[in-house]
Amino acid sequence: VLVLQSRLRGRGPAAEYKAQKDRAVRIQTSWRTRQQRSEFQAAKQNATAIQTLYRANAGGKRYQLQKASATAIQRNVRRLHAEHQYWMARGGAIVIQSVIRMGASRRAWKGQLESVEVMQSLVRRRQATKVVGEAREQRKEGERRLSAATVLQRMARKRQSQQFVAAKREER
């Protein structure tokens, strides 16, 4: 009986102690789990905050780099566009200057051509006047010769007719 009683008593408090110990371990486990979760959540939030700051900083640097690149590209595109506009305007100005110079040159050439034509006209007039004068002189000379020949012919005919008349008078 005693042995039985001691075993029963031993089972009772030992089982109760074990059950109490199990409950205490469960409570402690639950508490430690909760604490670990809380610490993990805090660490996770801290890590997330650090990552956010890092990414923001890295993103900001990337943004600044992209912004600088975009600005450089825009600057070069605007410069190229401005150079193109300049060369187009310069080319147009050169064409306009060329047309103006060509017009001035043509006007000068036409003026020179008119002067040359006037000089040629004067030279031709002088030559024509000389030729006409020479022709008049030749005609006058020819008329004088003709007149002289006519006078001589008249005189010769007169003489012939006088001789003819004299011969006819003698025959009678």
Side-chain angles (χ1 to χ4, degrees), residues 29-168:
T29 302
S30 175
W31 176 256
R32 283 186 196 131
T33 300
R34 187 170 181 193
Q35 251 185 336
Q36 288 293 321
R37 262 196 198 132
S38 174
E39 287 175 10
F40 175 75
Q41 287 297 327
K44 185 177 175 185
Q45 284 178 349
N46 290 339
T48 302
I50 291 170
Q51 286 176 348
T52 301
L53 290 173
Y54 175 77
R55 288 181 184 151
N57 186 27
K61 285 182 183 176
R62 189 174 347 154
Y63 171 75
Q64 291 299 327
L65 181 63
Q66 288 173 347
K67 183 178 177 184
S69 298
T71 304
I73 290 169
Q74 288 174 346
R75 180 179 59 242
N76 285 325
V77 166
R78 287 183 184 132
R79 180 184 55 80
L80 289 173
H81 182 68
E83 284 178 2
H84 178 72
Q85 292 295 327
Y86 167 77
W87 285 110
M88 292 298 289
R90 184 171 185 259
I94 289 171
V95 168
I96 291 170
Q97 289 173 351
S98 172
V99 168
I100 289 171
R101 284 190 205 114
M102 180 181 66
S105 175
R106 278 189 180 173
R107 282 190 295 277
W109 181 77
K110 282 184 179 180
Q112 290 173 351
L113 182 64
E114 288 174 6
S115 298
V116 166
E117 288 172 349
V118 167
M119 288 188 322
Q120 285 177 344
S121 172
L122 291 173
V123 168
R124 286 184 188 130
R125 181 190 286 170
R126 180 172 279 167
Q127 287 174 347
T129 304
K130 187 176 180 183
V131 167
V132 167
E134 288 173 359
R136 279 183 187 161
E137 286 296 319
Q138 285 177 358
R139 190 188 74 195
K140 282 182 185 179
E141 182 65 31
E143 285 176 355
R144 267 186 271 156
R145 283 184 187 164
L146 183 64
S147 174
T150 305
V151 168
L152 287 174
Q153 283 176 358
R154 194 177 340 133
M155 286 172 59
R157 284 185 190 133
K158 186 177 179 183
R159 187 191 264 171
Q160 277 179 353
S161 70
Q162 284 175 352
Q163 285 175 355
F164 181 71
V165 168
K168 287 279 184 182

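Counting from 1, the numbers follow the sequence of the chain as shown. Quantities reported herein were computed from a predicted structural model and do not represent experimental measurements.
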Check whether any side-chain N or O of [X] sits under 3.5 Å from a backbone N or O of [Y] as a donor-acceptor pair, and report yes or no.
X: N57; Y: L53; value: no
X: S161; Y: R157; value: yes
X: T52; Y: T48; value: yes

Next on the checklist: Any salt bridge linking R139 with E143? Criterion: basic side-chain nitrogen under 4.0 Å from a carboxylate oxygen.
Outcome noted: yes
Item to check | Short N-O contact, E141 and R144, less than 4.0 angstrom | outcome: yes
Atom pair [atom1]/[atom2] of [X] and [Y] - distance to nearest 0.5 Å:
X: H81; Y: Q74; atom1: NE2; atom2: CD; value: 14.0 Å
X: E83; Y: Q85; atom1: CD; atom2: CD; value: 11.5 Å
X: E117; Y: E114; atom1: CD; atom2: CD; value: 7.0 Å
X: Q120; Y: L122; atom1: CD; atom2: CG; value: 10.5 Å
X: R90; Y: M88; atom1: CZ; atom2: CE; value: 13.5 Å
X: R106; Y: K110; atom1: CZ; atom2: NZ; value: 7.5 Å

Next on the checklist: Tell me if the CE atom of M155 is crowded by more than 12 foreign heavy atoms within 6.0 Å.
Outcome noted: no
Checklist entry - Counting only heavy atoms not in R79, do more than 12 sit closer than 6.0 Å to its CZ atom? => result yes
Item to check | Qualifying residue for side-chain contact (heavy atoms from CB on, under 4.5 Å) with I73, from V77, N76, T71 | outcome: V77
Checklist outcome for this item: Exactly one candidate in I94, V99, I100 meets side-chain contact (heavy atoms from CB on, under 4.5 Å) with I96; the answer is I100
Item to check | Minimum side-chain heavy-atom gap K130-E134 below 4.5 Å | outcome: yes
